Amino acid sequence: MYSKCAGLAAAGRKRIWSIQWRDDRWTEEFRSQRASRMMRPLLMCFVLCVVYGSSKPTEKKTRTYHEEPLSHLEHDDAKNYDYDHEAFLGQDEAKTFDNLLPEESRRRLGIIVDKMDSNKDEFVSEEELKVWIKNAQKKHIYDSVEHQWKDFDLNSDGLISWEEYKNVTYGSYLDNPQTDTEYDYSHMMARDERRFKVADKNGDLIADKQEFTAFLHPEDHEHMKDIVVQETMEDIDKNGDGFIDLKEYIGDMYTSEENEEEPEWVASERQQFSEFRDKNNDGKMDREETLDWILPADYDHAVAEARHLLHESDANQDGKLTKKEILDKYDVFVGSQVTDFGEALLQHDEF
């Protein structure tokens, strides 16, 4: 019951969407740009077509910013604990555990428990769980930035200038500007430059790792919140009145087709809009209401997950976990493989 309630609360108060419309568009798809710059326009069109064209009309479109989720998987403990595994371990490490024998999973989890117990009192508190989960999430973002860094740091000086980013991302457009294309690359570039300048705290148009991380993951940085809201409203506010009304809110997620019955989730979203999004009941969302929608201040996913794990594993209900309690519920925290396949995996140094 607890896990279902937690899942519903998370879904109701904050939708987690995996596609971050602008930064993801220019990262993985363009890792080979320097070798083949003339392919860039084709790749751009392909990515955009996939985003807009691959989903069925009845599925929610995923375009606006939201805080990077702990996991892109559904949180439904009745089916499995995969969401919890990724939230606790990080998305990459969770995959490693999924291929281990149960005994090896328990052994490695025991090492993690010792690391989580920061005050060495032989208990893991809710706060220590929360800190561990937040660090796992930070590592995921850090690894994402590291993975992309070399594509943009063309002169290998440990920094990425706006000129470097612009030339890698928009090089072919700059070489041969075209105004008769379906996509307004000039507008995209201007938006990128605007966000780059906000991320660039010292104003030199050269980003270090921290500044480039803020550029790629603005939803995770306090000084980037205004630009996140601005970009979101620009994308959804079709009539340009500076607000998001119900039609625009639904239209960003769902486009109806002729003679098609409206999915149930659309009615639910209409209710969400009227009861929770539009706080002053004027029929539209302003900037503050949009900020509260996409980056709510009163909901922390790491805290919610820490409380969930504590609830699932705290056998004596004393509000803290022993190593035995965690290992007894190891399947909630980590995955494992019941075959001998796990024996063939390379071992991580920390284990």
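Here the structure is a predicted model, which means the values were calculated and not measured. The figures that follow rest on heavy atoms only: side chains count, while hydrogens, waters and symmetry mates do not.
A donor-acceptor pair under 3.5 Å is absent between the side-chain atoms of Q148 and the main chain of V145, judged by distance alone. Looking at D278, its side chain never comes within 3.5 Å of a backbone N or O of M285 through a donor-acceptor pair. Proximity of a side-chain donor or acceptor of E211 to a complementary backbone N or O of K201 within less than 3.5 Å is detected. Judged purely by atom type and a 3.5 angstrom limit, E262 has no side-chain atom pairing as donor or acceptor with the backbone of S256. Judged by distance alone, the side chain of H221 and the main-chain N or O of H217 form a donor-acceptor pair under 3.5 Å. Side chain of E164 to main chain of N155: a donor-acceptor pair is present (N/O by atom type, distance under 3.5 Å, no hydrogens or angles). For D200 (side chain) and D204 (main-chain N/O), a donor-acceptor pair under 3.5 Å exists by modelled atom type. D237 contributes a side-chain N or O that, together with a main-chain N or O of D241, makes up a donor-acceptor pair within less than 3.5 Å. In terms of modelled atom types and a separation under 3.5 Å, the side chain of D153 and the main chain of D157 share a donor-acceptor contact.
For the side-chain contact (heavy atoms from CB on, under 4.5 Å) test with W132, the passing option among V124, V113, I112, D117 is I112; the others fail.
The pair R107-E103 does not count as a salt bridge, with every side-chain nitrogen at least 4.0 angstrom from each carboxylate oxygen. Under a 4.0 Å N-O distance rule, the pair K323/D114 qualifies as a salt bridge. Salt bridge annotation for R195-E231: present, with a cationic side-chain nitrogen under 4.0 angstrom from a carboxylate oxygen. With respect to K279 and D292, a salt bridge is recorded, a charged nitrogen being found less than 4.0 Å from a carboxylate O. No salt bridge links R307 with E312; every basic N to acidic carboxylate O contact stays at or beyond 4.0 Å. Looking at K284 and E289, no side-chain N of the basic residue comes within less than 4.0 Å of a carboxylate O on the acidic one, giving no salt bridge.
P102 places a side-chain heavy atom less than 4.5 Å from the side chain of Y330. At a threshold of 4.5 Å between non-hydrogen side-chain atoms, the residues K238 and D252 do not count as touching. At a threshold of 4.5 Å between non-hydrogen side-chain atoms, the residues R270 and L246 count as touching. Contact annotation: the side chain of I133 approaches that of L309 to within less than 4.5 Å [non-hydrogen atoms, C-beta and beyond]. Side-chain contact between S144 and H147 is absent, with no heavy-atom pair separated by less than 4.5 Å. The side-chain heavy atoms of I160 and F215, taken from C-beta on, include no pair separated by under 4.5 Å. When side chains are defined from C-beta on, D245 counts as touching N239, because their heavy atoms get closer than 4.5 Å. The side-chain heavy atoms of Q230 and R194, taken from C-beta on, include a pair separated by under 4.5 Å.
Using modelled atom types, one finds no donor on one side chain facing an acceptor on the other under 3.5 Å when comparing Q272 with S268. Residues E325 and S313 have side chains that never bring a donor and an acceptor to within less than 3.5 angstrom of each other.
Remark: aromatic rings of F212 and F196 are distant, center separation not under 6.0 Å.
Nearest heavy-atom pair, F123 versus E128, reported as atom, atom and distance to 0.1 Å: O-OE1, 3.1 Å. Here the closest non-hydrogen pair linking L327 and G110 is CD2-N, 3.8 Å. Nearest heavy-atom pair across Y173 and M189 is CE2-CE, 4.2 Å. Taking each heavy atom of I244 and E248 in turn, the nearest pair found is CA-OE1, 3.4 Å. The minimum heavy-atom distance linking M253 with W265 is given by the pair O-CH2, 3.7 Å. Of all the heavy atoms in L205 and K197, the pair that sits closest is CD2-CG, 3.7 Å.
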Derivation of the salt bridge (Lys or Arg N to Asp or Glu O under 4.0 Å) call for E126 and K130: CA-CA 6 Å; E126 179 186 309; K130 182 197 74 174; over 6 Å; no
List the steps and the verdict of side chain to side chain contact (heavy atoms under 4.5 Å, CB included) for M233 and V229. CA-CA 6 Å; M233 296 193 76; V229 174; 4.0 Å; yes
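With a 6.0 Å cutoff to the six-membered ring centre and a 45° limit on the axis angle, R277 does not count as a cation-pi contact of Y249. A cation-pi contact links K209 to W149, judged by a cut-off of 6.0 Å to the six-membered ring centre and 45° from its axis.
Sparse packing is recorded around CD of E264, with 12 or fewer heavy atoms of other residues, nucleotides or ligands lying under 6.0 Å away. Around CD of E163, the count of heavy atoms belonging to other residues, nucleotides or ligands within 6.0 Å exceeds 12.
Looking at residues two or more places apart in sequence or on another chain, you find a salt bridge (charged side-chain N to carboxylate O under 4.0 Å, His left out) between E222 and K225.
I206 belongs to a hydrophobic cluster with L159, counting contacts under 4.5 Å between side-chain heavy atoms of Ile, Leu, Val, Met, Phe, Trp and Tyr, direct or through other members.
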